[in-house]
Amino acid sequence: ENIEEHKLSPGKGLSLYISICAAKGLQDIMKNNLGPSGTMKVLVTASGDIKISKDGSYLLNEMQIQNPTASLIAKTIISQKSYIGDGSTSAIILIGETLRNIEKYLEKGIHPQILCDGIDLTRMEIEKWLPSQIINNVLDRKTLLKCARTVIETKIKKILSERMANIAVDAVLTIYNEGKVIDLERIEILQINSRTEADSKWIRGLVLDHGARHPDMPKIVHNAFILLCNINLEHERSETNSSFNYNCIEKKEEISINERDLIDRRVNKIIQLKRSVCNGKKRGFIVINQKGIDSVSLDLLAKEGIMGIRRAKRKNLERISLLCNCIPVNSIHNLKSDILGFSGVVYEQLIGEEKYTFFENVSNPFSGTILIKGRSSFIRKQMENSTLNAIKALKLGIQDKGFLRGSGGIELLLQKHLMAYSCDIPGRKKYGIRSFADAVTAIPITLFENSGYKIDNLNKCIEIYEKTEKKLEYEIPQDLNYLDSFSVKKHMFTTVCFVIIQILLIDDIYFGRGLG
């Protein structure tokens, strides 16, 4: 039957045609960004700022998209990033290619609802088939590194991707505790202005973005006791409007002396605690206060060899409490040795014009800090986003207890499986399945085309894949170079199916009145 002999009837919809064109337009924009060899896009903001990126979710979030269907697709794909962190560009390509294939069947007169049923059957079949393709490798560092590299290489240059992949794996292995939920909130990412991006590293401890405020305080402390407190060690200001009335200068001096004496007693309590726990041993002592410490108090602490850090953020206090096993106190009367934490080494470092304090060899090392260094804030942000995406994929891979073939391998196997599955489906629903099956191969084909290969047909694509990886056989290989997360792929395929069904059910587009 000739495709050209049939036209979409006006009742069936110009709006559906517009929606399909919008999806194909997004695909054409995004497909060149796929893979390690993908190109970059330049975004120019209204204020004239220039941003360069190839990250799919970042581009979708920053681009000005006017078409309502294209905007719907972009928002749906962006929303999945918070959970899985990867697969945005692949999802756009798959949606566009599937609707491109479906368009041919619509022109043949097949009703959109029948094709929707076929897409829904495809989704259910993928959910049944995909778990059988999980490669149950030992979740060691080598396996996790392959998955991290697969995610990061598609977003930043290869020179940096190897280093950032190692950092992502170190971070996940640090917070991973078998039998417990992997809490990504335990990983803090800190951006530091530096001359080179290669200085980025993983700190198995904590980094504070400020240092001690006295020049005579120690810059490095070994075997340090840590006191966390929220005590005023400076002249207090009342929270309400108040005033002190005095009728002579002597009264004013007496008030000042009494207030100074109160602060000194608090500082002396801390010094006495330090002397009792250190007691001549080669131990250090650190005070981290959420409130202020005045210059006189800092001087007293410095003479005693105590490192004092003031106005620490509450978030940092909570992490230090967790890492160093210390208990924060709000009163000077609660100072006891059993509230103190411990860190093997604490040191202050000047990077650029800013001081940073590093806590390493902590007593409870199930948290840490990723230091992202770079010359420009934009490059650092790119590195941070790609590392976060890799960490999310690694977390899902550990929960799934395995990974899938990467580099387009799982898509090539899925196409073969869906084509065989469609032969068992009676009626016209099979055309929806075949539309999706043919579209899936667009991901590996685009991936290899962006790497410089010329792909004439599917067999050529399979041949190139088998040269770079292992043969496409149903036995599960153990030594692949690239691995994809099972949950990422499953979520991506499921999201794509739902979006396609929603688009096919659009029969008209109207401008709403709005709520403003």
Side-chain angles (χ1 to χ4, degrees), residues 206-221 224-246 248-278 283-321 324 326-337 339-341 343 346-359:
L206 182 69
V207 182
L208 301 183
D209 54 357
H210 49 272
R213 290 293 184 265
H214 195 284
D216 295 335
M217 284 184 174
K219 304 301 180 188
I220 181 167
V221 180
F225 289 108
I226 297 173
L227 171 65
L228 289 187
C229 56
N230 186 24
I231 301 169
N232 239 325
L233 297 178
E234 61 182 354
H235 289 286
E236 294 190 43
R237 295 178 181 177
S238 60
E239 295 180 3
T240 58
N241 292 329
S242 60
S243 61
F244 290 101
N245 297 319
Y246 47 87
C248 63
I249 195 69
E250 288 80 10
K251 288 285 184 182
K252 181 183 177 182
E253 288 179 359
E254 185 180 347
I255 292 170
S256 298
I257 291 169
N258 288 337
E259 191 167 8
R260 180 71 256 166
D261 187 51
L262 176 66
I263 296 169
D264 288 345
R265 284 203 302 271
R266 291 173 180 173
V267 175
N268 285 328
K269 281 269 190 180
I270 294 171
I271 292 172
Q272 287 171 17
L273 177 64
K274 182 259 181 182
R275 288 174 178 172
S276 66
V277 295
C278 294
R283 298 287 181 89
F285 199 88
I286 297 169
V287 177
I288 303 172
N289 194 15
Q290 191 174 353
K291 292 182 179 176
I293 306 175
D294 63 19
S295 56
V296 177
S297 301
L298 285 172
D299 195 49
L300 290 171
L301 294 174
K303 287 177 181 176
E304 198 64 31
I306 298 173
M307 180 188 283
I309 298 173
R310 63 185 180 186
R311 295 190 178 89
K313 298 171 186 172
R314 182 175 177 178
K315 179 185 73 173
N316 288 332
L317 287 180
E318 290 172 353
R319 294 193 65 218
I320 293 171
S321 176
C324 303
C326 45
I327 303 170
V329 293
N330 295 314
S331 170
I332 205 72
H333 303 294
N334 298 327
L335 294 183
K336 298 176 184 176
S337 60
I339 66 166
L340 299 177
S343 178
V346 180
Y347 59 94
E348 185 184 288
Q349 190 173 351
L350 184 67
I351 303 174
E353 297 180 357
E354 300 292 330
K355 284 183 180 180
Y356 296 89
T357 306
F358 293 75
F359 292 74

Table please: side-chain donor-acceptor pairs of residues 212-219 below 3.5 Å, with sequence neighbours left out.
residue, atom, partner, partner atom, Å
Arg213, NH1, Gly211, O, 2.9
His214, ND1, Asp216, N, 3.0
His214, NE2, Asp299, OD1, 3.2

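- In terms of modelled atom types and a separation under 3.5 Å, the side chain of Ser343 and the main chain of Phe359 share no donor-acceptor contact.
- In this structure, Val267 and Ile293 have side chains that are not in contact, with every pair of non-hydrogen atoms separated by 4.5 Å or more.
- Residues Cys278 and Gly284 share a closest heavy-atom pair of SG-O, 4.1 Å.
- Looking at every heavy atom in both residues, Gly308 comes nearest to Leu298 through O-CD2, 4.4 Å.
- The two residues Ser321 and Pro328 make their nearest non-hydrogen contact at OG-CD, 3.9 Å.
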- Under the side-chain contact (heavy atoms from CB on, under 4.5 Å) criterion, do Val346 and Ile220 qualify, and how do the steps go? CA-CA 6 Å; Val346 180; Ile220 181 167; over 6 Å; no

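- In this structure, Thr357 contributes its side chain and His210 its backbone to a donor-acceptor pair below 3.5 Å.
- Remark: Lys355 engages Glu348 in a salt bridge (charged side-chain N to carboxylate O under 4.0 Å, His left out) (not counting sequence neighbours).
- At least one side-chain heavy atom of Ile320 sits under 4.5 Å from a side-chain heavy atom of Leu208.
- Checked against side chain to side chain donor-acceptor pair (under 3.5 Å), Gln290 has no partners two or more places apart in sequence or in another chain.
- Annotation for Ile332 and Arg266: closest pair CD1-O, 3.4 Å, computed over non-hydrogen atoms.
- Not counting sequence neighbours, the partners of Lys313 by the salt bridge (charged side-chain N to carboxylate O under 4.0 Å, His left out) test are Asp209.
- With hydrogens and angles disregarded, no donor-acceptor distance shorter than 3.5 Å links the side chain of Arg311 to the backbone of Gly292.
- The backbone N or O of Asp264 sits less than 3.5 Å from a side-chain atom of Asn268, completing a donor-acceptor pair.
- Taken from NE2 in His333 to CG in Leu335, the straight-line distance is 9.5 Å, to the nearest 0.5 Å.
- With a 4.5 Å cut-off on side-chain heavy atoms, Leu228 and Val329 do not count as touching.
- Rounded to the nearest 0.5 angstrom, Leu227 CG and Lys274 NZ are separated by 13.0 Å.
- Below 30°, between 30° and 60°, or above 60°: for Phe285 and Phe225 the angle between ring planes is between 30° and 60°, a tilted geometry.
- Residues satisfying the side chain to side chain donor-acceptor pair (under 3.5 Å) criterion with Arg319, sequence neighbours excluded, are Glu188, Ser367.
- For Ser337 against Leu273, the heavy-atom pair with the smallest separation is N-CD1, 4.0 Å.
- Shown are Ile288, Ile309, Leu340; of these, the side-chain contact (heavy atoms from CB on, under 4.5 Å) with Ile226 is made only by Ile288.
- Proximity of Ile306 to Ile286: side-chain heavy atoms (C-beta onward) are nowhere separated by under 4.5 Å.
- Nearest approach of Ile231 to Asn289, heavy atoms of both residues: O-ND2, 2.6 Å.
- The side chain to side chain donor-acceptor pair (under 3.5 Å) test applied to Ser297 returns Arg260, Asp294, not counting sequence neighbours.
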- Stepwise salt bridge (charged side-chain N to carboxylate O under 4.0 Å, His left out) test for Arg275 and Glu304: CA-CA 9 Å; Arg275 288 174 178 172; Glu304 198 64 31; 2.9 Å; yes

